Amino acid sequence: MTAIKPNHTFHIPVMGLAYTIDSPIRVAKYGISSVVSIMDDELIEKMNAFYSKKFNLPYYEITQKIMDYRADRITSYLNLIDKIVKEKFKNFKIELSESKFELENFMAMLPNKSELKLGLQNLLEDGFSFKENVKDYLESNLYPGDIDVNIMTKLDKDNFIKDEQLPIAFNDAHAALRGFANSTLESSVVLSAGMNPRLYSYFENFTAFFPDLNNRLRKKITLKVSDFRSAMIQGNFLAKKGLWVSEYRIESGLNCGGHAFATDGYLLGPILEEFKQKKEQLIQSAHDLMVKALGQKEMHVPEQPLDLKITVQGGVGTAEEHDFLLNYYNVDSVGWGSPFLLVPEATSVDKDTRELLAKAKEEDLYLSHISPLGIPFNTLRGTTNEIFKQKRIQESKAGSSCPKRFLALSKEYGAKGICTSSKKYQDLKLEELLQQKEVLSAEIYEKKKNSITEKACLCVGLANASYLENDIKIKGQAQGVIICPGPNMAYFNQEVSLSEMVKHIYGNASVVTVTDRPNLFVKELKMYLDYLKNEITAVSNEITAAQIKKWHLFKNNLIEGIGYYEDLFSSGHFFESTKKEIQSQFKGYKKELIEIEIPELVLV
């Protein structure tokens, strides 16, 4: 069965916990796909109440007294979004068929080579029976954007009733998956942050993830991956269970928002090239394994491989870059994340934080260590969370009250887990550090103290923007707002309308006013270069053979990546106006990279 061709060539990826929590309600009627985080059931329950009231729909509170409250809350909210989007989409089609002005505005947002746009232009020029013709045409050719959901696979905390551990099915990510599986949505779950075999196996419990007699998947699986090898391993793991991965969403390791999962120096261009060259291998390998598994399960077996999309995101900022990724690497869609944080019609961000984002320069956006997961995390300087956190540190009250516990994953102090950003954890760690104070230099002591107290409460900080934007009361300890844009945010410096941003993506307008924005491939290379330097200089303990081996591999992969770009840019007809500058930058960074000295192992 052939998949429906989307009306747009971009999508809005998941951002934080709150920033795309209601994006489908805002943009799906235009055919724009977006991704909702389903990790914070408390935020989800409050948004359910908010939107039920706003659209005059019945709301039934789901309290924590209900056994499966987490999954039930997620199902209820997703059903609500589905209902609202369907109603808004139906009304939007009527509006377009009755108003040439609205239709022309909508057409201005479509890709220039869009079949839908061309068909509508022909109808407008024809003029005969405008209303009926447009209505019939839209009914057959206009589709709402997908309402996809995101589960961060690492956030799969065990849960307890008092001291009794609940079955694995009640772990956080498992419950989130069940919430999506039980919903009315026919869309994808986007799995990010790597492989979780227990969670992947849990998919087998839901028939909606298996092909029906028409080879249709009611619910699909999308894997966010950083390279081809990871895609092959994870895709085949699922295929052996009879499960099909419908999309591989490739994300830049560093030039992205949120948590940054750096590769071993593999750059985006060469990664995309490998997917381009080996896509059929990926499809056939998974198909063969899936056919065997479905046969063993005595389930329906598709004769031909199901549809597979390759998409990409991370640092894209111009129509030229967007078109290049689509046309050269043959990707199906390009993710635009951080720029949409400046679009009130698309994302949920409070006014003060939007203003802070608009003012942000390159130096204000940095890779921090504030995440309790211990993974580098993209952060913006000057947030209210940073202010509140520093105030507590100065008052010797470091740490968060930890009301949500989604990141209570450290088992260092007990089976129930504890979050490294919590006051309880930081008090214990600071006490341990104090006992070592006599044997540590002042510099080392402060460095260790800072590494304890810099952790921030992401669970609350990444949700607060929605509460502030919608005037929903925030209870508990003041945490302020944490926002996690990618470095690309530095080149977008004004609040813009949805129409303006979409026109910018398709090259029909420009919302970027800076003149020195680097090409996305150049920017990513510079970030990896800086990352390697920081990795080498940050080591305070004795350097191991494994570290040295890793750094050599990292450096060699970067050199090979630059070689790939040198060949690519010397042969193709793209980025013509900036090509010489880009080639010069690659040459300069290659020289800088070669000059990086990797320490040798000192044998005592």
Side-chain angles (χ1 to χ4, degrees), residues 154 157-158 259-260 262 363 366-379 381-461 476-480 482 530-551 554 596-604:
K154 292 185 185 300
K157 173 178 57 59
D158 300 325
H259 286 94
E363 60 271 19
Y366 69 106
L367 211 52
S368 74
H369 296 285
I370 69 169
S371 171
L373 288 175
I375 298 165
F377 188 74
N378 282 287
T379 318
R381 298 188 199 279
T383 61
T384 47
N385 176 270
E386 189 180 315
I387 294 164
F388 284 127
K389 186 179 72 171
Q390 287 305 125
K391 187 173 185 291
R392 284 197 297 272
I393 292 170
Q394 288 165 6
E395 294 173 351
S396 299
K397 297 176 182 176
S400 159
S401 59
C402 197
K404 297 187 180 183
R405 302 193 77 252
F406 297 130
L407 296 177
L409 301 172
S410 170
K411 299 294 179 75
E412 192 175 347
Y413 296 107
K416 284 190 178 180
I418 188 170
C419 179
T420 57
S421 75
S422 68
K423 187 176 189 304
K424 182 179 179 182
Y425 179 89
Q426 293 189 10
D427 281 350
L428 289 166
K429 280 293 171 190
L430 290 170
E431 181 60 35
E432 290 173 11
L433 181 63
L434 192 61
Q435 292 172 11
Q436 302 171 36
K437 191 172 184 180
E438 298 299 321
V439 295
L440 297 173
S441 69
E443 184 183 353
I444 295 293
Y445 179 82
E446 285 302 317
K447 192 174 181 180
K448 285 180 175 288
K449 183 180 177 182
N450 181 61
S451 71
I452 295 167
T453 59
E454 70 179 332
K455 303 301 180 194
C457 179
L458 300 190
C459 300
V460 176
Q477 184 185 43
Q479 292 291 347
I482 294 173
D530 291 342
Y531 185 87
L532 177 60
K533 289 178 184 175
N534 291 336
E535 283 282 295
I536 294 170
T537 56
V539 174
S540 53
N541 302 323
E542 193 174 300
I543 296 172
T544 65
Q547 284 173 316
I548 291 171
K549 184 180 177 182
K550 183 182 177 183
W551 291 334
F554 198 101
I596 293 176
E597 291 187 10
I598 293 174
E600 293 182 6
L601 188 64
V602 179
L603 298 173
V604 180

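Please read all numbers here as calculations on a predicted model, not as lab measurements.
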For [X] and [Y], which I'm curious about, is there any donor-acceptor pair between the side chains at under 3.5 Å?
X	Y	answer
Q426	R392	no
S371	H259	yes
S368	E454	no

Does a side-chain heavy-atom distance below 4.5 Å link [X] with [Y]?
X	Y	answer
I375	K154	yes
I536	W551	yes
Y366	N378	no
E412	I418	no

Less than 4.0 Å between a side-chain N and a carboxylate O, is that true for K397 and D427?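 Salt bridge flag = no for K397 with D427.
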Using only atom types and a distance under 3.5 Å, with no angle test, would you say the side chain of N385 pairs donor to acceptor with the backbone of G480?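 Not at all, since once roles are kept as given, no pair shorter than 3.5 Å links the two residues.
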Under the 3.5 angstrom rule, does the side chain of T544 hit a backbone N or O of E542 as a donor-acceptor pair?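 No, the answer is negative, given that no donor and acceptor are paired below the 3.5 Å cut-off.
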[X], [atom1]: over 12 other non-hydrogen atoms inside 6.0 angstrom:
X	atom1	value
K550	NZ	no
K416	NZ	yes
E597	CD	no

Could you pull out every donor-acceptor pair under 3.5 Å between side chains of residues 432-445 and any protein atom, sequence neighbours left out?
unit_1	atom_1	unit_2	atom_2	d
E432	OE1	K429	NZ	3.4
E432	OE2	Y413	OH	2.6
S441	OG	I444	N	3.2

